[in-house]
Amino acid sequence: MANRITPRSQDQNQWYLDVIREAQLADYGPVRGTMVIRPYGFAIWERIKESLDEKFKATGHSNAYFPMLIPMSFLEKEKEHVEGFSPELAVVTIGGGKELEEPLVVRPTSETIINHMFAKWIQSYRDLPLLINQWANVVRWELRTKPFLRTLEFLWQEGHTAHATPEEAEEETLRMLDVYATFAHEVAAVPVVQGVKTEREKFAGAVRSYTIEALLADGKALQSGTSHNLGQNFAKAFETQFLNEDNELEHPWQTSWGLSTRFVGAVIMTHGDDKGLRLPPRLAPIQLVVVPIWRNDDQRDLVLTAANEIAEELGAAAGGPGLRVHVDDRQQRPGFKFNEWEMRGVPLRLEVGPRDVASGSVVLARRDTGDKATIERADLAAEASRLLEEIQEGLLAQALAFREANTRPALDRDSFQAALDQGGFVRVHWDGSSEDEASIQAETGATVRCLPFQTDEESGVCFYTGRATQTIALFAKAY
RNA sequence: CGGGGCGUGGCGCAGCCAGGCAGCGCGUGGCGUUUGGGACGCCGAGGUCGGAGGUUCAAAUCCUCUCGCCCCGACCA
């Protein structure tokens with residue numbers, strides 16, 4: 001059987017598309033740029049949802065749902081917002097066979113309709129903070145698409161909050177950015193750089209945008225999640241006001257923050273290898289797959305009984321929530337199953353055959369390194385948990401090492417170009433303007449991904465303007 | 001929108017240049033042998049060749065028009 005996955009070294013892009021097809025994560029929809037998320041791909045998204053949703057609720061947010069159709073006039077209320085989004089809007093002009101009086105926008109994001117409602121719900125400082133999250137689909141008519149990383153329609157969550165003071169809003173913005181960064185590192189094992197967007201790169205309508213930027217294996221950066229301080233921009237546009245403790249009318253300070261199915265693409269790109277997907281255990285829908293091995297019906301009964309017992313034990317492992325285990329009892333040969341589950345990135349494979357049942361042991365194989373070992377049944381639960389932790393840490397360490405190896409400094413325009421040509425982040429001192437950013441993008445294709453949060457001050461000279469500055473910027477070509 | 005590529009059983013493709021029985025691999029159904037790294041054999045099912053028009057005795061193949069998709073750029077989570 002020929003290898004169905006193009007090696008990464010040969011063609012990174014083809015590899016990515018092959019993995020999505022072979023791991024059955026997604027398929028193309030009938031409309032250009034749309035994607036069907038298949039059950040296994042959706043299971044990964046569901047893991048992302050579960051993990052984030054828990055964190056949102058722990059930080060006081062409630063889920064709600066707002067309509068997908070938004071009056072065009074809403075978008076037009078905030079000037080920067082409409083300018084930013086109008087080129088990529090899908091607009092409904094006919095409903096029930098009749099031309100609509102006002103065109104309806106299929107939401108590209110929900111700040112406008114949510115503010116329309118917030119204006120009704122917020123009257124007093126006692127109504128604040130208002131902390132809402134929505135799980136939804138949005139549509140942006142992108143010119144160039146790629147499964148998960150950029151599709152016309154995508155799934156995401158968008159948090160929308162309103163606060164009585166600008167300090168509270170800023171605190172919320174940073175809190176949620178940290179939630180994203182923690183999730184990326186601890187669950188998805190995707191290292192991200194936290195930082196602030198430049199004026200040129202910020203969200204249309206925001207005062208300030210923060211981002212978590214990942215570096216994908218092809219050397220391009222990916223904005224993997226964003227958190228915006230909206231100031232009073234939308235509150236003013238939608239006349240959202242509250243009476244403060246001094247009985248004065250004020251506009252609330254707002255935030256919005258989002259993370260999308262794009263993140264699934266980041267996971268694929270960050271951890272995959274030539275055999276396919278490698279999923280970090282905390283994110284994996286299936287953490288351990290049991291492949292029973294038999295030669296005849298008697299053995300089949302024996303081995304399947306053992307396999308199911310093992311699955312039950314691990315699924316209810318004492319002292320923890322249990323592992324996510326799947327028994328693959330399909331009528332396929334073991335080798336077929338081994339390959340399939342490797343393509344799909346399941347972190348641990350457990351083989352159990354007649355020999356193992358007789359000896360009271362099993363074979364455990366890890367996806368990340370390919371190592372196989374025979375384990376006593378009695379030690380299985382502990383060993384599986386230990387290996388999963390090790391794999392989780394290992395994947396993060398590998399990804400971090402890759403990012404470090406592909407983050408290069410540059411002191412001037414020549415070394416900037418040279419660093420950029422190698423792919424990855426280029427770390428520079430930066431004191432340029434939006435116009436400078438535009439020039440650099442036109443000349444090199446690179447953009448400022450973010451101004452990373454800094455713990456130490458680093459004096460230096462802007463690589464582009466030559467002016468002294470302490471600001472650091474990460475440049476890269478981006479998705 | 002510019003550049004490139006491609007539309008032929010479910011999927012991947014050959015056939016087109018040079019018109020003449022619609023093929024191959026994978027998958028798929030049945031039976032048998034198999035099963036610790038993508039099994040093999042035998043039998044079978046499955047295609048208005050993207051669409052429309054034209055040339056011709058004859059079109060997947062030549063001509064015209066058209067629709068769509070993929071990839072690479074500009075724009076973007």
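So you know, we letter chains A, B, ... as the sequences are listed, proteins then strands, and number each from 1.
Side-chain polar atoms of Gln12(A) and Arg8(A) form a donor-acceptor pair below 3.5 angstrom. In the model, Arg107(A) has no side-chain atom that pairs as donor or acceptor with a side-chain atom of Ser110(A) under 3.5 Å.
A gap of 14 Å separates the P atoms of C42(B) and C24(B), to the nearest Å. On the P atoms, C11(B) is 13 Å away from G50(B), given to the nearest whole Å. Look at the P atom in both G19(B) and C72(B): the space between them is 37 Å, to the nearest Å. On the P atoms, G10(B) is 15 Å away from G29(B), given to the nearest whole Å. Here, G27(B) and G41(B) have their P atoms 11 Å apart, quoted to the whole Å. Nucleotides C21(B) and U61(B) place their P atoms 13 Å apart, quoted to the nearest Å. Using C1' as the reference atom, U48(B) and C57(B) are 22 Å apart when rounded to the nearest Å. Nucleotides A60(B) and C70(B) have their P atoms positioned 28 Å apart, rounded to a whole Å.
Taking the six-membered ring for Trp, His160(A) and Trp257(A) have ring centres at least 6.0 Å apart. For His228(A) and Phe203(A), the distance between ring centers is under 6.0 angstrom. Outside the 6.0 Å centre-distance limit, the rings of Phe475(A) and Phe425(A) are not counted as a close aromatic pair. Note: Tyr210(A) and Phe453(A) meet the aromatic proximity criterion, with ring centroids under 6.0 Å apart. Ring-centre distance between Phe183(A) and Phe263(A): below the 6.0 Å cut-off.
Considering His61(A), Gln157(A), Glu158(A) in turn, Gln157(A) is the only one that fulfils the side chain to side chain donor-acceptor pair (under 3.5 Å) rule with Asn133(A).
Not a single donor-acceptor contact under 3.5 angstrom links the side-chain atoms of Glu340(A) to the base of G38(B).
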A correct dot-bracket answer for RNA chain B, with pairs being Watson-Crick or G-U at under 3.5 Å, [ ] for crossing pairs and | for inter-strand pairs, is ((((((((.[[[[.)....(..]]]].((((((.....)))))).....[[[[[..)....]]]]])))))))....
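Listed by chain and number, the residues in a side-chain contact (heavy atoms from CB on, under 4.5 Å) with Glu340(A) are Arg330(A), Phe336(A), Arg344(A) (sequence neighbours excluded). Contacts of Lys197(A) classified as salt bridge (Lys or Arg N to Asp or Glu O under 4.0 Å), with partners at least two apart in sequence or in another chain: Glu213(A).
Among the atoms of the strands shown, base atoms are found under 4.0 Å from some heavy atom of Glu351(A). Looking at heavy-atom distances under 4.0 Å, Glu142(A) makes contact with a base. Base contact: Gly353(A) has a heavy atom under 4.0 Å from a base atom. Residue Thr226(A) is classed as having no contact, given no heavy-atom separation below 4.0 Å to the nucleic acid. At a threshold of 4.0 angstrom between heavy atoms, the contacts of Lys197(A) with the nucleic acid are absent.
Ile37(A) places a side-chain heavy atom less than 4.5 Å from the side chain of Thr261(A).
Rounded to an integer number of Å, the gap from Arg367(A) CZ to G37(B) P is 17 Å. Between the C1' atom of G38(B) and the CZ atom of Phe338(A) lies a distance of 11 Å, rounded to the nearest Å. Distance Leu304(A) CG to U35(B) P: 17 Å, rounded to the nearest Å. Between Gln223(A) atom CD and C76(B) atom P the separation is 11 Å, expressed in whole Å. A straight line from CZ of Arg140(A) to P of C76(B) spans 12 Å, rounded to a whole angstrom. When rounded to the nearest whole Å, the span between CZ of Phe85(A) and C1' of C76(B) equals 9 Å. If you measure from atom CD of Glu443(A) to atom C1' of A74(B), you get 16 Å, rounded to the nearest angstrom. Taking atom NZ of residue Lys477(A) and atom P of nucleotide A74(B), one finds them 8 Å apart after rounding to whole Å.
Phosphate proximity of A39(B) to Arg333(A): present, with a side-chain N or O under 4.0 Å from OP1 or OP2. For A74(B), neither phosphate oxygen OP1 nor OP2 lies less than 4.0 angstrom from any side-chain nitrogen or oxygen of Gln441(A).
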Protein N or O to nucleotides 3-12 of chain B N or O, pairs below 3.5 Å:
none

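In summary, Lys275(A) and Asp273(A) do not engage in a salt bridge, as defined by a charged side-chain N under 4.0 Å from a carboxylate O. Using a 4.0 Å cut-off between a side-chain N of Lys or Arg and a carboxylate O of Asp or Glu, Glu351(A) and Lys372(A) qualify as a salt bridge.
Here G38(B) is the nucleotide among G38(B), G37(B), U35(B) with the atom lying nearest to any side-chain atom of Met343(A). Of the candidate nucleotides G36(B), G37(B), G38(B), G37(B) has the atom lying nearest to any side-chain atom of Glu342(A).
Closest-nucleotide positions on RNA chain B for Val363(A) and Ser260(A) were compared, and the one nearer the 5' end corresponds to Val363(A). Toward the 5' end of RNA chain B, the nearer of the two residues Gln331(A) and Ala478(A), judged by each one's closest nucleotide, is Gln331(A).
Between the side chain of His163(A) and the backbone N or O of Leu131(A) there is no donor-acceptor pair closer than 3.5 Å. Asn115(A) places no side-chain N or O within 3.5 Å of a backbone atom of Phe118(A) that could act as its donor or acceptor partner.
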Its contact letters, B for base, S for sugar-phosphate only and - for none at protein heavy atoms under 4.0 Å, make nucleotides 65-71 of chain B read ----SSS
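Arg349(A) forms a cation-pi arrangement with Phe338(A), by the criterion of a distance under 6.0 Å to the ring centre and an angle within 45° of the ring axis.
Within residues 283-302 of chain A, the residues having any heavy atom closer than 4.0 Å to RNA chain B are, in order of number, Ile293(A), Trp294(A), Arg295(A).
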